[in-house]
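Chain A is the first sequence line, chain B the second, and so forth, proteins listed ahead of strands; every chain is numbered from 1. All values reported here derive from a predicted model rather than from experimental measurement.
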Amino acid sequence: MPTEAELYAQRLEKRERLLQRADAYPARVRRTHTAAEAHAAFAEAGEAEGAVAVTVVGRVTAQRVMGKAAFLDVRDGTGHVQLHFRRDRLADTFEDLPLVDLGDFLEATGTMFRTRTGEVTVAVESWRVITKALRPPPEKWHGLTDVEARYRQRYLDLMANERSREIARTRIAVVAALRRFFVDRGFLEVETPVLQDQAGGAAARPFVTHHNALDRDFFLRISLELHLKRLLIGGMEKVFEIGRVFRNEGVSTRHNPEFTLLESYEAYADYEDVAAMVEEMVAYVALEVLGASHVAYGEEVIHLAAPFARTTYRRALQEQCGFDYRDYPTTQALRGLAQERGLEVAPGASWATVLDQLMSTFVEPKLVQPTFVFDYPTELSPLAKRKVDDEGAVERFELFVRGFEVANAYSELNDPVDQRARMQEQAQKRAEGDDEVELADEDFLLALEHGMPPAGGLGIGIDRLVQLMTGEHSLREVILFPAMRERAREDGATDG
RNA sequence: GGGCCCGUAGCUCAGUGGCAGAGCAGUGGACUUUUAAUCCAUCGGUCCUCGGUUCGAAUCCGAGCGGGCCUACCA
């Protein structure tokens, strides 16, 4: 009988038969113990058979039916518990057991005992279906391995794969730890607009959407920066936000069009203060989430305790690449150098783009253990304050771990005249065809002209931090619902 | 965007030019302490799609769709 349509029809039929007896989707259940609590209560009672009465609930993950008795495993959020059904104990409801399928949710009442094979079990005295499932769960032994199915139907992945549940828990723990870290330090958690007049604070193409009533377009934010700075201007001294940003670019194991960004701004701090805070923060998160200050990554062990290695942008390039970028002040010269080293340089690439390409090709992959890279070229950093003793560099650092950027921070540029000039410089590049540069944001400049205190700012890609903490190689594994291409809807079995 | 690989039953996978297969799940039967329960029987297919080669295509070729990995882009 079973095509997919027929499996579905069978379950629909079972649902009908259950509904003739009772509600198969009751609004209220009476759980007295979670699976974990049931086990604990039984242990506490000295494993006295029949002494601990419980009502447990959960999803059926396995059925072992043997004529006049049956064992079912159910799982709830805390773990598994086994249920034992005997015909002589259940009078008439034993006959309804065939209406139960894998994936259904049950409520079962009985007393705890240990079977002769050692499994702590509920001797069921009464039970009912509290949710009838119409489609089967993934295979019980191999689970769900098809990567596409795991992403598109993450609920099946979570049902089948403990590792996926673990990654999800880790991510939650990372975000919670970060929030605690900042709140404990007196930072105020704020929310700023997702829909913006223009998307700034980073170099990336934005998504555009349309507001019907106002009959105008909005851009989805690509960073949190410019609004958080407006709050500094308003007098809030320490703010942070953890929020989704959107960048209209490719999808890969390292990029998702929407991702979670943490940004913080602290008045009267500079980028050295921020670096010290980041060291503390990474170690704190690791300890809270992993219970350790190191994490395995393939063959490597990454050490996440302070202090982290420190270098500068210029020195790192010199050491790894053997040249001083200051010796190549023109796009032409730098492009020649890059091509000599075997880099393919896009025809329209600017000086800053080529330099960055050199950096990401030759330096970043080598920064496996946590390493701060200080003092970026001004051209790459239109929102950072210039170094006083070096016009060509800004007070900015990035933290690299495992070869990719985990944090990005600077002493924030607060001179409105310089900021305007730097934004206009970027606008010039845009006019020359680079559509991934900062726009001049007049509304932000107006705010800045009212005075922003000196401040240290920080941005951290949460998804990548979670990747670091879980040791996962693909960003898509740490995002519950990664962006996927559209696929023709399969109409399944419903019309069978 | 480029390269390589993958797409077969609800799930996990064999099959690589000659009748479309196994395990799990499902269905029927036996079994009142099992746990990947066991045993017997049984149902189940748009072999991703379209086109081509061939007496014959899941298998070979081309195009497309979807996915994975690498790479590039993405401060």
Side-chain angles (χ1 to χ4, degrees), chain A residues 1-11 14 61-73 80 82-90 94 98 101-103 113-119 121 123 134-153 156 159-160 201-205 222-223 247-257 259 313 343-346 349-350 352-353 355-357 359-361 364 373 376-377 379-384 394 396 398 404-405 408 410 436-438 459 461 473-474 476 482 484-488 490 492-493:
Chain A
M1 205 201 222
T3 60
E4 184 176 8
E6 287 157 344
L7 290 172
Y8 187 85
Q10 278 171 6
R11 285 183 178 239
K14 290 177 180 175
T61 57
Q63 301 192 82
R64 294 174 293 280
V65 182
M66 23 205 332
K68 300 185 184 63
F71 292 93
L72 272 64
D73 293 337
H80 269 98
Q82 177 171 264
L83 307 178
H84 186 214
F85 298 77
R86 287 172 58 127
R87 192 163 80 167
D88 58 10
R89 205 165 48 214
L90 286 166
F94 190 83
D101 286 301
L102 296 181
F113 74 108
R114 188 182 281 275
T115 66
R116 67 165 159 247
T117 49
E119 180 90 11
T121 302
L134 298 182
R135 296 185 189 271
E139 204 252 6
K140 67 181 175 188
W141 189 241
H142 301 93
L144 186 72
T145 60
D146 180 79
V147 178
E148 182 173 357
R150 288 184 46 240
Y151 293 164
R152 287 191 194 273
Q153 294 180 278
L156 296 179
M159 262 182 230
R205 274 182 287 266
I222 57 174
S223 88
R247 296 186 183 179
N248 206 337
E249 56 197 28
V251 174
S252 76
T253 49
R254 285 195 264 290
H255 299 273
N256 198 62
F259 62 98
Y313 193 92
L343 281 190
E344 276 182 45
V345 181
S350 64
T353 306
L355 188 62
D356 192 58
Q357 210 177 325
M359 187 73 182
S360 21
T361 308
E364 292 176 11
V373 177
Y376 276 64
E379 288 79 354
L380 287 170
S381 318
L383 299 166
V394 292
R396 169 186 180 184
E398 291 195 357
F404 55 60
E405 174 196 335
N408 177 25
Y410 19 95
E436 290 192 10
V437 294
E438 200 73 34
H473 287 71
S474 173
R476 296 157 82 67
M484 303 290 279
R485 249 173 244 275
E486 189 173 24
R487 191 153 92 161
E490 288 171 32

- Item | P atoms of B:C65 and B:G23, separation to the nearest Å | 38 Å
- Message: Restricting to side-chain hydrogen bond (donor to acceptor under 3.5 Å, both in side chains), what partner residues turn up for A:Asp73, sequence neighbours left out?
- Response: A:Arg64
- Note on the structure: Of the listed B:C11, B:A36, B:U34, the closest approach to the A:Thr117 side chain comes from B:U34
- Could you state the CG-C1' distance from A:Leu156 to B:U12, rounded to the nearest angstrom? 14 Å
- Contacts of A:His473 meeting ring pair (Phe, Tyr, Trp, His ring centres under 6.0 Å) (sequence neighbours excluded), chain-then-number -> A:Tyr297
So which protein nitrogen or oxygen atoms get under 3.5 Å of nucleotides 67-70 of chain B's nitrogens or oxygens?
unit_1: B:G67; atom_1: OP1; unit_2: A:Arg152; atom_2: NH2; d: 3.4
unit_1: B:G67; atom_1: OP1; unit_2: A:Arg485; atom_2: N; d: 2.9
unit_1: B:G67; atom_1: OP2; unit_2: A:Arg485; atom_2: NE; d: 2.7
unit_1: B:G67; atom_1: O4'; unit_2: A:Glu148; atom_2: OE1; d: 3.0
unit_1: B:G68; atom_1: OP1; unit_2: A:Arg476; atom_2: NE; d: 2.9
unit_1: B:G68; atom_1: OP1; unit_2: A:Arg476; atom_2: NH2; d: 3.1

- Message: With hydrogens left out and only the distance checked, is there a donor-acceptor pair under 3.5 Å joining A:Gln82's side chain and the base of B:U34?
- Response: yes
- Task: Can you tell me, in whole Å, how much space there is between the P of B:A58 and that of B:U16?
- Result: 13 Å
- Message: Please report the interatomic distance CD(A:Glu364) to CE(A:Met359), rounded to the nearest 0.5 Å.
- Response: 5.5 Å
- Using the P atom on both, measure B:G52 against B:G15 and round to a whole Å. 29 Å
- Message: Please report the distance separating the C1' of B:U54 from the corresponding atom of B:U59, rounded so that it comes out in whole Å.
- Response: 13 Å
- Could you tell me whether B:U12 is syn or anti, where syn means a glycosidic angle within 90 degrees of zero? anti
- Query: What nucleotide among B:G44, B:G10, B:U27 has an atom nearest to a side-chain atom of A:Thr3?
  - Reply: B:G44
- Separation of the P atoms in B:G17 and B:C60, to the nearest angstrom: 8 Å
- Message: I'd like to know if the side chain of A:Thr117 reaches the main chain of A:Thr115, judged simply by a donor and an acceptor atom lying under 3.5 Å from each other, with no hydrogens or angles considered.
- Response: no
- Query: For the residue pair A:Ile222 and A:Arg247, what are the closest heavy atoms and their distance?
  - Reply: O-NH2, 2.9 Å
- Taking atom C1' of B:U34 as reference, at what distance in whole Å does atom NZ of A:Lys68 sit? 16 Å
- Message: Counting only side-chain heavy atoms from C-beta out, which of B:C73, B:C13, B:U27 sits nearest to A:Thr145?
- Response: B:C13
- Taking atom C1' in both B:U42 and B:C24, compute the distance separating them and give it to the nearest angstrom. 16 Å
- Item | For A:Arg396, all residues meeting salt bridge (charged side-chain N to carboxylate O under 4.0 Å, His left out), sequence neighbours excluded | A:Glu398
- Test for a donor-acceptor pair under 3.5 Å between the base of B:U34 and the side chain of A:Thr115, counting only N and O atoms. yes
- Query: Which one is paired to B:A20, where only Watson-Crick or G-U wobble pairs with both distances under 3.5 angstrom count?
  - Reply: none
- Message: Nearest whole Å is fine: how far is B:U27 C1' from A:Leu102 CG?
- Response: 14 Å
- Quote, to the nearest angstrom, the P distance that separates B:G18 from B:C61. 15 Å
- Query: Can you name the side-chain hydrogen bond (donor to acceptor under 3.5 Å, both in side chains) partners of A:Tyr313, sequence neighbours left out?
  - Reply: none
- Which nucleotide, in any strand shown, forms a Watson-Crick or G-U wobble pair with B:G1, with both distances under 3.5 Å? B:U71
- Base, sugar-phosphate, or nothing: which does A:Pro482 touch, judged by heavy atoms less than 4.0 Å apart? nothing
- Item | Per A:Gln357 side chain, nearest of listed nucleotides B:G26, B:U34, B:A72 | B:A72
- Item | Partner nucleotide, any strand, of B:U42 [Watson-Crick/G-U, under 3.5 Å] | B:G26
- Note on the structure: Those residues at least two apart in sequence (or on a different chain) that pass ring pair (Phe, Tyr, Trp, His ring centres under 6.0 Å) with A:Phe71 are A:His84
Show me the protein contacts with nucleotides 37-39 of chain B, counting only N or O atoms at under 3.5 Å.
unit_1: B:A37; atom_1: OP1; unit_2: A:Lys140; atom_2: NZ; d: 2.2
unit_1: B:A37; atom_1: OP2; unit_2: A:Arg64; atom_2: NH1; d: 3.3
unit_1: B:A37; atom_1: N6; unit_2: A:Val65; atom_2: O; d: 3.1

- Task: Could I get the full list of side-chain hydrogen bond (donor to acceptor under 3.5 Å, both in side chains) partners for A:Thr61, not counting sequence neighbours?
- Result: A:His80
- Query: If the C1' atom of B:C50 is compared with that of B:A37, how far apart are they to the nearest Å?
  - Reply: 47 Å
- Between A:Glu139 and A:His142, is there a donor-acceptor pair closer than 3.5 Å when you use the side chain of the first and the backbone of the second? yes
- Identified pairing partner of B:C60, criterion: Watson-Crick or G-U wobble below 3.5 Å: B:G52
- Identify, with sequence neighbours excluded, every residue that meets side-chain hydrogen bond (donor to acceptor under 3.5 Å, both in side chains) alongside A:Thr253. none
- Task: Check every strand shown and say whether A:Arg87 touches a base, only sugar-phosphate, or nothing at a heavy-atom separation below 4.0 Å.
- Result: nothing
